[in-house]
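To start, the structure under review is shown below, and the notes come after it.
Note that the structure is predicted; figures quoted are calculated from it, not measured.
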Amino acid sequence: MKRVLPAIALIAGLALTGCSGADSQDSQAKEAGGGAQPAAEEAPEVQQLDENQLKKIIESTDVDGQSFKSVDIGAASGSEAIKALESAEYEPAECKDLAMSALNATEASNGTTLAGTSADNTMSVALMSLADEDAAGSQLRNSTKVAEKCSDVTIKSQGIEMTMSYESFDATVEGADETVGVHAKIGAGGQTVLDTDTVTSRVGNNIVTAANIADTGDEEAVPKTAKTFVDAVKNTN
């Protein structure tokens, strides 16, 4: 089991937090388009939630009777799993940069992120609060970019070969400003390690992500979890 931890760490990074660097890519796209850009309207004042507020949301929200406990994503940065990812071989090679950026997304975006897992260990949720809506929008779009650029990835780490595939799907969460869905499958040693649906929604300057980390047998479990936490975030503002 320890040898497949890098795969689980990677899916946690990609599925739960997206990947950073979108702002620079968006800027390059604007420059390539040429011409003067219209003056930006003054952005509305937003509240960036701190870690204590995110923890309160996670630990006070139940979904179908299941409570959630918070976990520290940042603590994973020095783990053996992450170190294994850093030294792994990726094909396509560019996906390694995306993976590492994903796992460091919170620090790179100056945001606050906290994750949680359900009491029965079948569902996970991640909340990210950013400085403004533009930053949150960029973060959300990266979920789709990962699926497009790294739809099929092979990773060789610690003497084992892992395969990963991503596919985006249409997802709707009532109450969210916008939502994307990504299906991911990880295989190792000829077996499926993780088969998960991820639903990521933007609520103003906040990102809410829900994903199954075990087979729930309920296709609505992920979007239902996402909606419940979207409502919880909206009630905090």
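A donor-acceptor distance shorter than 3.5 angstrom exists from the side chain of Thr216 to the backbone of Asp218, with no hydrogens or angles considered. At distances below 3.5 Å, not a single donor-acceptor pair connects side-chain atoms of Asp62 with backbone N or O atoms of Gly65. A distance-only check finds no donor-acceptor pair linking the side chain of Asn212 to the backbone of Asp215 [under 3.5 Å]. Checked by atom type and distance alone, the side chain of Glu59 never pairs as donor or acceptor with a backbone atom of Lys69 at under 3.5 Å. Using a distance-only test at 3.5 Å, with no hydrogens or angles considered, a donor-acceptor pair links the side chain of Ser118 to the main chain of Thr122.
The distance from atom CD1 of Ile213 to atom OG of Ser124, rounded to the nearest 0.5 Å, is 5.0 Å. Note that CG of Asp132 is 7.5 Å distant from CG of Leu130, once rounded to the nearest 0.5 Å. One distance of note links OG of Ser70 with NZ of Lys56; it measures 14.0 Å at 0.5 Å rounding. To the nearest 0.5 Å, atoms CD (Gln48) and CD (Gln53) are separated by 10.0 Å. The distance from the OG1 atom of Thr236 to the CG atom of Leu49 is 6.0 Å, given to the nearest 0.5 Å.
Taking 4.5 Å as the limit, some side-chain heavy atom of Thr198 sits within range of a side-chain heavy atom of Thr209. Looking only at side-chain heavy atoms (C-beta outward), Lys185 and Leu194 stay at 4.5 Å or farther from each other. For the pair Ile58 and Leu114, the minimum side-chain heavy-atom distance is below 4.5 Å. Residues Phe68 and Ile57 fail the side-chain proximity criterion, which asks for heavy atoms closer than 4.5 Å. Side-chain contact between Val222 and Met123 is present, with at least one heavy-atom pair separated by less than 4.5 Å. A 4.5 Å side-chain heavy-atom check between Thr200 and Leu140 finds at least one atom pair inside the cut-off.
Scored by the side-chain contact (heavy atoms from CB on, under 4.5 Å) test, Gln191 finds no partners at all (sequence neighbours excluded). When the side-chain contact (heavy atoms from CB on, under 4.5 Å) test is applied to Glu89, the partners found at least two apart in sequence or on another chain are Lys156. Contacts of Gln66 classified as side chain to side chain donor-acceptor pair (under 3.5 Å), with partners at least two apart in sequence or in another chain: none. By the side chain to side chain donor-acceptor pair (under 3.5 Å) test, Lys55 pairs with no residue at all, sequence neighbours left out.
The local environment of CD in Glu167 is sparse, with at most 12 non-hydrogen atoms from other residues, nucleotides or ligands closer than 6.0 Å.
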>> Test side chain to side chain contact (heavy atoms under 4.5 Å, CB included) on Thr154 and Tyr90; report intermediate values, then the result.
In response: CA-CA 6 Å; Thr154 300; Tyr90 288 67; over 6 Å; no
>> Please determine whether side chain to side chain contact (heavy atoms under 4.5 Å, CB included) holds for the pair Thr163 and Ile186, giving the CA-CA distance in whole Å, both sets of side-chain angles, and the decisive distance to 0.1 Å.
In response: CA-CA 6 Å; Thr163 59; Ile186 298 177; over 6 Å; no
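Across all their heavy atoms, Asn206 and Ser129 have their closest contact at OD1-OG, 2.7 Å.
One hydrophobic cluster, built from ILVMFWY side chains closer than 4.5 Å, holds both Val193 and Met162.
Using modelled atom types, one finds no donor on one side chain facing an acceptor on the other under 3.5 Å when comparing Ser165 with Asp152.
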Which pairs would a plain distance check flag for residues 226-233, meaning a side-chain donor or acceptor within less than 3.5 Å of a matching protein atom at least two apart in sequence or in another chain?
residue: Lys227; atom: NZ; partner: Asp231; partner atom: OD2; Å: 2.8
residue: Thr228; atom: OG1; partner: Lys224; partner atom: O; Å: 2.9

Please table the atom pairs, donor to acceptor, closer than 3.5 Å between any side-chain atom in residues 172-184 and protein atoms at least two apart or in another chain.
residue: Asp177; atom: OD2; partner: Gly204; partner atom: N; Å: 2.6
residue: Glu178; atom: OE2; partner: Arg202; partner atom: NE; Å: 2.6
residue: Thr179; atom: OG1; partner: Ser201; partner atom: OG; Å: 2.9
residue: His183; atom: ND1; partner: Thr196; partner atom: O; Å: 3.3
residue: His183; atom: ND1; partner: Asp197; partner atom: OD1; Å: 2.7
residue: His183; atom: NE2; partner: Asp195; partner atom: OD1; Å: 2.9

